[in-house]
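Counting starts at 1 for both ligands and their atoms, following the listed order.
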Amino acid sequence: MSDVKKMGVIGAGQMGGGIAQIAAVAGIDVVVFDAHAPALEKCTKTHQKLLARAVEKGRMEQSDCDAALARITYSPKWDDLANVDWAIEAVVEDATVKAEIFSKLATTLTNPNAVLATNTSSISITQIAAAADVAKPGTSSRVIGMHFFFPVPVMKLVEIIKGLQTDDAVVARTAALAERMGKTPLTANDRAGFVSNRVLMPMLNEAFYALMEGVAEPEAIDGIMKLGCNFPMGPLRLADFIGLDTCAHIMDVLAEGLNADRYRPCPLLRQLVAAGRLGNKTGHGVFDYTT
Ligand code: CAA
């Protein structure tokens with residue numbers, strides 16, 4: 001059983017918010033840090049809404065909902081993270097931004113056993129850990145990938161990624177924490193895209209090639225994969241749901257990290273991103289969500 005008492009979540013977006021919510025429900029005190037105040041406000045409202053819904057649906061007692069909400073504090077002050085015993089970073093997929101955060105975490109966290117986890121979906125854990133080590137030598141053994149899936153409260157998996165220098169005890173502690181948060185942990189090594197996105201993203205990319213080549217209409221591509229393979233969502237709708245910019249970015253990481261052009265993003269995917277059609281979050285991707 002994990003003995004984590006206080007968790008810091010860096011980034012109040014959809015992933016960070018989801019992680020904070022399930023941690024609080026599991027009895028852990030959580031500080032959600034985001035430098036952007038409107039993101040903190042939105043995250044607070046989402047927590048209230050989703051937990052109230054869990055009560056309405058009979059999945060949670062009102063007293064447990066109140067207790068979970070009371071465990072979460074929302075802060076724009078970096079120093080409020082100092083005394084956490086577990087940090088999870090869930091900011092934008094940008095290696096430079098993550099390196100900065102991990103070097104700051106390495107010097108901010110006061111507990112010498114605190115774990116520094118990242119929710120990255122494809123960036124090298126070893127590379128992120130190296131930035132922490134430069135700031136404070138020896139920290140890289142406590143850096144690990146803890147990859148959640150969207151929507152976090154619904155999806156059962158946590159993909160654990162062991163960097164080259166991650167301590168085995170930290171892997172075991174991460175698996176115990178994931179289980180305490182109601183998830184099933186499965187471990188992968190640190191190769192571009194890990195397992196989930198190494199397998200998922202080329203499939204989504206191929207659906208864009210099928211669309212670009214006129215193999216079928218978008219509804220037919222999605223319908224064939226939903227009904228024929230029992231997917232909960234077709235690949236094009238799932239790409240919209242994840243964000244087309246994120247999908248293109250992950251394909252670029254695969255192409256670079258695995259040194260193979262076959263992973264390059266489909267030209268149609270790149271074109272939609274260039275047009276600002278990023279999926280659900282902008283109201284339009286492959287499909288239109290504005291009507
Ligand atoms: N946040 C919280 N809960 C959500 C949610 C969200 N954004 N979206 C849906 N849910 C909940 C709903 O509230 C609902 O719960 P209730 O029983 O309380 O109503 C439940 O999920 C089912 O939702 P719906 O009935 O509205 O719709 P559905 O049955 O079609 O399920 C879905 C929605 C769970 C999203 C389903 O379509 C699905 O599993 N899709 C695939 C999701 C997927 O593949 N995610 C992984 C993406 S890859 C990734 O995240 C990693 C990466 O690195 C890119």
Side-chain angles (χ1 to χ4, degrees), residues 11-25 42-60 65 68 88-94 98 117-125 145-161 178 181-186 188 190-205 207-208 222-223 225-227 229-254 257 263 265 269 273 278-281 285-287 289:
Q14 285 180 319
M15 297 304 292
I19 295 166
Q21 180 185 321
I22 62 169
V25 170
K42 191 171 173 199
C43 183
T44 311
K45 290 202 178 106
T46 304
H47 286 157
Q48 288 164 347
K49 192 179 99 189
L50 290 176
L51 290 174
R53 186 173 164 79
V55 174
E56 255 171 51
K57 288 236 160 185
R59 285 197 304 260
M60 188 183 245
C65 163
I88 302 188
E89 165 276 316
V91 304
V92 63
E93 279 293 275
D94 179 318
K98 289 190 194 290
T118 170
N119 179 56
T120 181
S121 52
S122 59
I123 297 171
S124 161
I125 307 305
M146 195 174 186
H147 183 202
F148 290 82
F149 292 77
F150 183 71
V152 177
V154 179
M155 304 298 284
K156 288 288 166 216
L157 175 67
V158 170
E159 185 178 34
I160 295 177
I161 306 101
M181 291 165 84
K183 304 298 181 196
T184 301
L186 290 169
D190 189 18
R191 293 281 182 278
F194 321 131
V195 172
S196 55
N197 282 321
R198 171 98 178 241
V199 176
L200 173 67
M201 282 300 159
M203 197 263 293
L204 301 191
N205 202 42
F208 282 89
D222 271 11
M225 299 309 289
K226 263 181 84 171
L227 300 175
C229 299
N230 231 2
F231 290 171
M233 279 177 167
L236 297 172
R237 200 166 281 279
L238 180 56
D240 274 354
F241 188 64
I242 293 168
L244 300 193
D245 52 339
T246 304
C247 294
H249 179 74
I250 294 173
M251 289 307 292
D252 278 328
V253 171
L254 290 178
Y263 294 107
L269 175 58
V273 173
L278 306 184
N280 299 52
K281 63 186 168 189
V286 176
F287 299 101
Y289 302 92

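- Looking at heavy atoms from C-beta onward, Met146 lies out of side-chain contact with Ile19 at the 4.5 angstrom threshold.
- Atom CG of Leu51 and atom CD of Gln48 lie 9.0 Å apart (nearest 0.5 Å).
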Please table the atom pairs, donor to acceptor, closer than 3.5 Å between any side-chain atom in residues 150-159 and protein atoms at least two apart or in another chain.
unit_1	atom_1	unit_2	atom_2	d
Glu159	OE1	His147	ND1	2.9
Glu159	OE1	Ser196	OG	2.6
Glu159	OE2	Val195	N	2.9
Glu159	OE2	Ser196	N	2.9

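- Counted by atom type alone, Thr246 and Glu93 present zero donor-acceptor pairs between their side chains at under 3.5 Å.
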Report each N/O pair between ligand 1 and the protein that falls under 3.5 Å, naming both atoms.
unit_1	atom_1	unit_2	atom_2	d
ligand 1	17 (O)	Arg59	NH1	3.4
ligand 1	18 (O)	Arg59	NH1	3.0
ligand 1	18 (O)	Arg59	NH2	3.0
ligand 1	19 (O)	Arg53	NH2	2.6
ligand 1	19 (O)	Lys57	NZ	3.2
ligand 1	45 (N)	Phe150	O	2.8
ligand 1	50 (O)	Phe150	N	2.9
ligand 1	53 (O)	His147	NE2	2.9
ligand 1	53 (O)	Asn197	ND2	2.9

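- Just one of Ile250, Leu200, Leu269 meets the side-chain contact (heavy atoms from CB on, under 4.5 Å) condition when paired with Asn205; it is Leu269.
- Taking 4.5 Å as the limit, every side-chain heavy atom of Leu238 sits out of range of all side-chain heavy atoms of Phe231.
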